[in-house]
Amino acid sequence: SAITSSTLFTITGTNGTGSGEAFVTITINDKKTAIVSYENENATYVRGQAILSNSPTTSDGAPVSFSVTPSLPSGLNLNPQTGVISGYPLVGAASAVYSVTATNTGGASSPKAITIAIADIPSSGLVAVAASDKNTCVIQNGALYCFGDNEFGQMMLGTGKYSPSYAPVATALTSGVTAVSVSRHHTCAVQNGALKCAGLNNKGQLGNNTLTANAGPQSVFAPLDSGVLSVTVGAEHTCAVKTDNSLWCFGSIGNVNPDKVPVQILAGGTQTIARGRWHSCAVIDGALKCAGANTFGQIGNGNTTTATTFETAVGMESGINIVSASPVQSCGIVNGALKCFGYNLHGELGDGTNTNSLIPSQVFGQTEKVAFASSGGCTTNGHGGPPGEIRCVYDNGDEGDHTCSIVDGTLSCFGDGNFGQLGNSSNADSNVPVLVSGLSSNVKTAASGARHSCAIVGTELKCWGDNFWGQIGNGSFTNT
């Protein structure tokens with residue numbers, strides 16, 4: 001805003017014969033701002049790894065807003081109020097120059113040029129982790145490793161191999177793996193651009209035109225046999241985004257006649273997608289949109305009516321780069337701020353309350369620089385499970401979800417903490433983010449299961465929380 005707002009002044013002149021008046025309107029604008037520098041003006045980031053925020057230094061007048069041209073690579077975001085660049089690159093991108101401009105009442109600054117390149121997922125080291133109720137999978141050196149329960153062959157060990165493991169074991173996918181997603185009973189991964197799935201298939205969630213479970217990775221039917229960028233799996237469905245940003249799904253999200261082969265949902269514009277149990281959320285043309293069950297407001301559109309098509313969450317029409325979803329809650333990062341909506345009995349929304357919200361609510365203290373978020377929770381409502389397992393019945397408060405987020409390499413979690421999944425040496429719930437012990441730097445990515453969490457920290461994979469099925473991967477069944 002102006003230093004002095006537009007004000008009308010009256011000037012009166014007087015002599016011996018009388019007086020006269022003149023009127024003058026004066027506005028004092030700020031001095032035009034200037035962007036002196038960015039912390040990193042020649043940045044190379046890595047696809048699938050949270051970046052450290054990149055902040056500008058300005059001089060002269062105080063900036064009011066920032067803009068950038070061309071648009072930043074998918075997954076990165078420029079905060080329009082602070083000019084901070086943050087995010088989680090979703091695709092590789094060649095080195096390019098981006099011009100950032102700051103504006104105030106004095107006008108626009110000269111553009112500040114910064115160079116950004118996004119390296120593709122590396123072929124060595126730990127690059128991705130996924131977690132569900134009972135399983136964890138990780139990509140290392142291009143190969144997929146899994147641990148936990150394997151009742152339906154969801155560990156992808158190979159046809160006829162159903163042995164569980166409480167330590168990481170090599171799957172049948174030994175090279176070329178770039179993405180993975182796991183649910184309680186099935187797993188899907190991208191290998192050399194083709195989608196492969198294994199495990200339970202009672203609703204067609206393996207996408208191979210059968211309803212037969214299989215422990216060997218099954219090739220999903222065309223067009224998901226090539227050009228697949230990312231994948232997400234729910235309790236009984238699977239969705240994938242192709243390199244042309246089209247969205248394809250198969251299986252069942254409550255439909256009577258499940259789709260056993262891929263069906264196109266959107267022809268383009270899809271940047272990333274996340275699954276709940278009976279709902280999914282996606283970033284579509286920069287907006288956060290959700291479809292499916294809405295009992296607790298997890299669609300974010302202000303009501304509890306099931307959404308049969310993707311509907312935009314209130315206030316999330318633009319500036320979204322990352323989305324996460326659990327069975328009854330959803331989150332999105334908008335201009336670097338994390339907002340969540342839906343079920344909140346255990347503090348799943350992180351907003352300092354325990355009240356459900358039908359629209360996005362600001363997570364406490366995470367108003368900027370949030371690069372990544374992952375949400376998790378039980379994917380089988382009312383399933384009794386093994387002795388001692390808490391039933392996943394959301395409407396009586398027995399079970400909740402949790403979310404973990406990365407800000408400048410630091411991991412925080414909030415929500416249900418009954419099994420230590422928040423990682424703060426406590427079994428208490430938290431309705432605000434709490435720091436995960438020992439993970440205050442160098443966190444690249446994270447995954448939230450139902451009651452456990454994992455993160456890639458530097459060159460190591462760390463997991464904590466419930467370990468009934470061996471999903472921590474430390475060679476035991478003891479919670480940690």
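Note: hydrogens, waters and symmetry copies are ignored here, and every other heavy atom, side chains too, is used.
For the pair F221 and P262, the tightest heavy-atom approach, listed with the atom from each and the gap, is O-CG, 3.4 Å. Nearest heavy-atom pair across A130 and S181 is CB-CA, 4.0 Å. Across every non-hydrogen atom of H452 and D133, the tightest pair is ND1-O, 4.5 Å. Residues A371 and Y88 approach most closely at O-CB, 3.3 Å, considering heavy atoms. The two residues A373 and I333 come nearest to each other via the heavy atoms N-CD1, 4.1 Å. Across every non-hydrogen atom of P168 and G473, the tightest pair is CD-O, 3.4 Å.
Within the structure, every pair that satisfies the disulfide (SG to SG under 2.5 Å) test and touches residues 50-137, not counting sequence neighbours, is listed here: C137-C146.
For the pair T171 (side chain) and L144 (backbone), a donor-acceptor distance under 3.5 Å is present. Between the side chain of N344 and the backbone N or O of L349, at least one donor-acceptor pair lies under 3.5 Å. A donor-acceptor distance shorter than 3.5 angstrom exists from the side chain of N77 to the backbone of G319, with no hydrogens or angles considered. With N54 contributing its side chain and E39 its backbone, the two residues share a donor-acceptor pair below 3.5 Å. Side-chain N or O atoms of W464 include one that pairs as donor or acceptor with a backbone N or O of Q421 at under 3.5 Å. The backbone N or O of T305 sits less than 3.5 Å from a side-chain atom of N294, completing a donor-acceptor pair. Proximity of a side-chain donor or acceptor of E41 to a complementary backbone N or O of Y38 within less than 3.5 Å is detected. A distance-only check finds a donor-acceptor pair linking the side chain of S109 to the backbone of A102 [under 3.5 Å]. For the pair D429 (side chain) and G417 (backbone), a donor-acceptor distance under 3.5 Å is present. Judged by distance alone, with hydrogens and angles left aside, the side-chain atoms of S437 form a donor-acceptor pair with the main-chain N or O of G423 at under 3.5 Å.
Partner of L338 under the side chain to side chain contact (heavy atoms under 4.5 Å, CB included) criterion, out of D351, V363, V407: V363 alone. For the side chain to side chain donor-acceptor pair (under 3.5 Å) criterion with S53, the lone passing option out of T82, N79, D408 is D408.
Rounded to the nearest 0.5 Å, atoms CG (L195) and SG (C188) are 5.0 Å apart. Here T136 contributes atom OG1 and L461 contributes atom CG; the two are 7.5 Å apart, rounded to the nearest 0.5 Å. Considering CG of N40 and OG of S55, their distance stands at 11.0 Å, rounded to 0.5 Å. Interatomic distance, R275 CZ to S324 OG, rounded to the nearest 0.5 Å: 10.0 Å. Going from atom CD of E236 over to atom OG of S183 covers 9.0 Å, rounded to the nearest 0.5 Å. With values rounded to the nearest 0.5 angstrom, Y45 atom OH is found 9.0 Å from L72 atom CG.
No side-chain heavy atom of C249 sits under 4.5 Å from any side-chain heavy atom of H237. Taking the side chain as every heavy atom from C-beta outward, S453 and H402 approach each other to under 4.5 Å. L78 has its side chain out of reach of V84: every pair of non-hydrogen atoms, C-beta onward, lies at least 4.5 Å apart. With a 4.5 Å cut-off on side-chain heavy atoms, I35 and V100 count as touching. Counting heavy atoms from C-beta on, the side chains of P80 and N335 come closer than 4.5 Å. At a threshold of 4.5 Å between non-hydrogen side-chain atoms, the residues V180 and I139 count as touching. Residues W248 and K242 form a side-chain contact, since some pair of their non-hydrogen atoms from C-beta on lies under 4.5 Å apart. The closest side-chain heavy-atom distance from L90 to V283 is not below 4.5 Å.
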Side chain to side chain contact (heavy atoms under 4.5 Å, CB included), that's the test. Do Q154 and N135 meet it? Break it down for me. CA-CA 8 Å; Q154 61 265 43; N135 309 87; 3.6 Å; yes

Test log, rule side chain to side chain contact (heavy atoms under 4.5 Å, CB included), inputs K289 and E311: CA-CA 5 Å; K289 299 187 178 186; E311 297 189 13; over 6 Å; no

Worked check of side-chain hydrogen bond (donor to acceptor under 3.5 Å, both in side chains) between S430 and H346: CA-CA 7 Å; S430 179; H346 300 269; over 6 Å; no

Decide yes or no on side chain to side chain contact (heavy atoms under 4.5 Å, CB included) for D60 and T33, but give the supporting numbers first. CA-CA 5 Å; D60 300 327; T33 190; 5.6 Å; no

Passes side chain to side chain contact (heavy atoms under 4.5 Å, CB included), I118 versus V91? Steps please. CA-CA 7 Å; I118 309 296; V91 296; over 6 Å; no

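Side-chain contact of K134 with Q471: a donor-acceptor pair under 3.5 Å is absent, judged by distance alone. Side-chain atoms of H186 and T238 include a donor-acceptor pair closer than 3.5 Å. A side-chain donor-acceptor contact under 3.5 Å links T403 and Q329. Between the side chains of S330 and H279, at least one donor N or O lies within less than 3.5 Å of an accepting N or O. When only modelled atom types and interatomic distance are considered, S246 and Q264 share no side-chain donor-acceptor pair under 3.5 Å.
For the side chain to side chain contact (heavy atoms under 4.5 Å, CB included) test, residues two or more places apart in sequence or in another chain that qualify with K444 are Q49, N442, I456.
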